[in-house]
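To start, I am sharing the structure in question, which I have written as structure tokens.
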There are 2 protein chains.
Amino acid sequence: MGSAERKEREKHEMRELILSAAKSLFLKEGFEHVTIRRIAEEIEYSPATVYLYFADKDTILCALQELGFRELYKKQQVLAVIQNPADRLRACGKIYMDFAMENQEWYDLMFIMRAPMKAFDTPADWNLGKDTYDVLRAIIIECIEKGYLKAKDPQIACFALWSLMHGVVSIFIRDRAPMIPKEHREHVIDSILDFTMAEFLEK
Amino acid sequence: MGSAERKEREKHEMRELILSAAKSLFLKEGFEHVTIRRIAEEIEYSPATVYLYFADKDTILCALQELGFRELYKKQQVLAVIQNPADRLRACGKIYMDFAMENQEWYDLMFIMRAPMKAFDTPADWNLGKDTYDVLRAIIIECIEKGYLKAKDPQIACFALWSLMHGVVSIFIRDRAPMIPKEHREHVIDSILDFTMAEFLEK
DNA sequence: CATAATTATAAACGCCGTTCATTTATTAAT
DNA sequence: ATTAATAAATGAACGGCGTTTATAATTATG
């Protein structure tokens, strides 16, 4: 009897329905309107029904987060055409920070908000973030190999440069830089990239 | 009739009472237990009474934030005894990141959480953060003057280095670095400082 | 067709920040 | 000292949230 398979498929479809409602709420009305009750309303089910398909709200946010990572990973793909690793490093930073500033709520969900992280205990669940992180790591390893970076430990160099970029955009997103007018943000990001390349890189 | 002054004083005392209850809840039970209802319970008044002394919850969080800034500023004072500006820069970073890791919820409130920032629209309210930021800026200006840093724009250098430090600790605090075991965090912070000093500084 | 299993829901629980009509306490004026 | 005016405090509610549970509706199986 193949009805078990259909059941499985229906369950999966319902999950997708819930996620798409969550996503559309997120995009149209912002994070704070993504509530179980609003999701349920959107798909015309009761709030309790949502809990038949997802353990809790964090699990749903986690799935949304995943979409964000895919988007970022997609944007990183254009880096492949840049030959010089130093140029590629700069472009990587630019793509990262532009993504953050153009999709602030997504970035917030992916890298700042507490909520979705409660859902995974084990680092194994971090696969999504890992892929995007590995893009940076590969570039840095090449930069070290080719002598653009004098750092010997790529782990540290990678974490430091990621931290720098994350620091910049997360300060902006959470409004901790009143000394920098909003109109200057884009320019500051470029200046930070220039500064970093000038100070960090050898040639 | 000096009763108006006494009224003023009583009002101030009540505000202090509320804040001290908020602080003690924050320290003893963590941020999530700092609710208007719990504060009211703590001081044995009704929740509505709290609103006679504070406009809303964010205003209270804002005052808590201020305490955090004072604490950080106090810790920065030991920097004064360090003569060499490059050494002072490193120590400044160390103090900052240690403060963040040892007082994670305070740091979160000061630099990450959205809540207390809704309370101030104008950069004028940022005086507290400005003092601690100026400590870093003074050091960097001296580093540039004395040729330790080749950057010409201290604004950018300052923002970049702050971003780097903030990035590191905020990634840790919000658990975005599963690739780094918790036991290694302290060591990574030191390595980041080494890396930064090595890559950034001239001599 | 009847029974078992699944799916959906209404209603509630226990929180939250906040508001407002009403009561209680204090002060000022007669 | 008594009353009138002012200020302080509150109980109860509003509208929200995530989540749970007992019950009802639906669907599948024997």
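Here is the naming used below: chain letters follow the sequence lines, and residue numbers restart at 1 for every chain.
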Review point. Quick one: are Phe69(A) and Phe111(A) in side-chain contact, heavy atoms under 4.5 Å?
Key: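 Phe69(A) vs Phe111(A): side chains touch.
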Detail all sub-3.5 Å separations between protein N/O atoms and N/O atoms belonging to nucleotides 21-27 of chain D.
none

Exercise for review: Rounded to 10°, tell me the angle between the two end axes of the helix from dC1(C)-dG30(D) to dT30(C)-dA1(D), each built from five pairs.
Suggested key: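 End axes: 30° apart.
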Exercise for review: For Thr49(A) and for Ala55(B), locate the closest nucleotide of DNA chain C by heavy-atom distance; then report the residue assigned to the nucleotide nearer the 5' terminus.
Suggested key: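 In this pair, the answer is Thr49(A).
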Review point. Of all residues at least two apart in sequence or in a different chain, which pass the side chain to side chain contact (heavy atoms under 4.5 Å, CB included) check with Ala22(B)?
Key: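 Counting only residues at least two positions away or on another chain, Ala22(B) forms a side chain to side chain contact (heavy atoms under 4.5 Å, CB included) with Val34(B), Ile39(B), Ile60(B), Leu64(B).
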Review point. Heavy atoms under 4.0 Å, any strand shown: does Thr35(B) hit a base, just sugar-phosphate, or nothing?
Key: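 Answer is sugar-phosphate: Thr35(B) comes under 4.0 Å of backbone atoms only.
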Review point. Once you round it to whole Å, what is the distance between P of dA8(D) and CD of Glu10(B)?
Key: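 Taking CD of Glu10(B) and P of dA8(D), I get 8 Å after rounding.
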Exercise for review: Could you verify whether a donor N or O on one side chain and an acceptor N or O on the other, from Asp56(A) and Thr59(A), lie under 3.5 Å apart?
Suggested key: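 The criterion, which ignores hydrogens and geometry beyond distance, is satisfied for Thr59(A) and Asp56(A).
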Practice item. Specify the separation, in whole Å, of atom CG of Asp58(B) and atom P of dC16(C). Key: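 Distance check: Asp58(B) CG to dC16(C) P gives 16 Å.
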Check your understanding: How many Å lie between OH on Tyr51(A) and P on dG18(D), as a whole number?
Key ->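 Answer to the nearest Å: 6 Å.
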Point to revise | Euclidean distance, atom CD1 of residue Ile36(B) to atom P of dC15(C) [Å, nearest integer] | key: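 It is 17 Å, rounded to the nearest whole Å.
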Check your understanding: What integer distance in Å separates Glu41(A):CD from dG16(D):C1'?
Key ->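 Going from Glu41(A) (CD) to dG16(D) (C1'), I get 13 Å.
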Review point. Would you say the side chain of Ile171(B) lies within less than 4.5 Å of the side chain of His166(A), judging by non-hydrogen atoms?
Key: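 Sidechains of Ile171(B) and His166(A): in contact.
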Point to revise | Nearest listed nucleotide, side chain of Leu52(A), among dT18(C), dT7(C), dA8(D) | key: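 Comparing dT18(C), dT7(C), dA8(D) against the side chain of Leu52(A), the answer is dT7(C).
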Point to revise | Side-chain donor/acceptor of Arg37(B) to base of dG17(C), under 3.5 Å | key: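 In this structure, the two groups form a donor-acceptor pair.
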Exercise for review: Choose from dG11(D), dC17(D), dG18(D) the nucleotide whose nearest atom is closest to any side-chain atom of Arg38(A).
Suggested key: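 From the listed options, dC17(D) comes nearest.
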Point to revise | Check: Tyr107(B) ring centroid to Tyr96(B) ring centroid under 6.0 Å | key: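 Aromatic pair counts; centres sit under 6.0 Å.
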Check your understanding: Under the side-chain contact (heavy atoms from CB on, under 4.5 Å) criterion, do Lys11(B) and Leu52(B) qualify, and how do the steps go?
Key -> CA-CA 9 Å; Lys11(B) 196 149 191 132; Leu52(B) 298 178; 5.8 Å; no
Review point. Passes side-chain contact (heavy atoms from CB on, under 4.5 Å), Ile18(A) versus Tyr45(A)? Steps please.
Key: CA-CA 10 Å; Ile18(A) 290 167; Tyr45(A) 280 83; over 6 Å; no
Review point. Starting at NZ of Lys11(B) and ending at C1' of dT6(D), how long is that distance when rounded to a whole Å?
Key: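 One finds 13 Å between C1' of dT6(D) and NZ of Lys11(B), rounded.
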Check your understanding: Are Asp131(A) and Arg70(A) side-chain neighbours, meaning at least one heavy-atom pair lies under 4.5 Å?
Key ->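 Asp131(A) vs Arg70(A): side chains apart.
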Practice item. Return the nearest nucleotide to the side chain of Tyr45(A); candidates are dA9(D), dA8(C), dT19(C). Key: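 So the nucleotide nearest the side chain must be dA8(C).
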Review point. Rounded to the nearest Å, what distance is computed from the CE atom of residue Met14(B) to the P atom of nucleotide dA7(D)?
Key: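 Atom-to-atom, Met14(B) to dA7(D), this comes out as 17 Å.
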Review point. Nearest to the side chain of Asp56(A), which nucleotide is it out of dG11(D), dG17(C), dT19(D)?
Key: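 So the nucleotide nearest the side chain must be dT19(D).
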Practice item. Taking all heavy atoms of Leu109(A) and all of Arg176(B), pick out the closest pair and write down the distance. Key: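 Shortest heavy-atom contact: O-NH2, 3.1 Å.
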Review point. Does the side chain of Leu136(B) reach to within under 4.5 Å of the side chain of Met165(B), using non-hydrogen atoms?
Key: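 Yes; the side chains approach each other to less than 4.5 Å.
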Point to revise | Rounded distance in Å - NZ (Lys57(A)) to C1' (dC16(C)) | key: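 Result: 13 Å.
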Review point. For the side chain of Tyr53(B), counting heavy atoms from C-beta on, which of dA8(D), dT7(C), dG18(D) is nearest?
Key: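 My answer, after comparing the listed nucleotides, is dA8(D).
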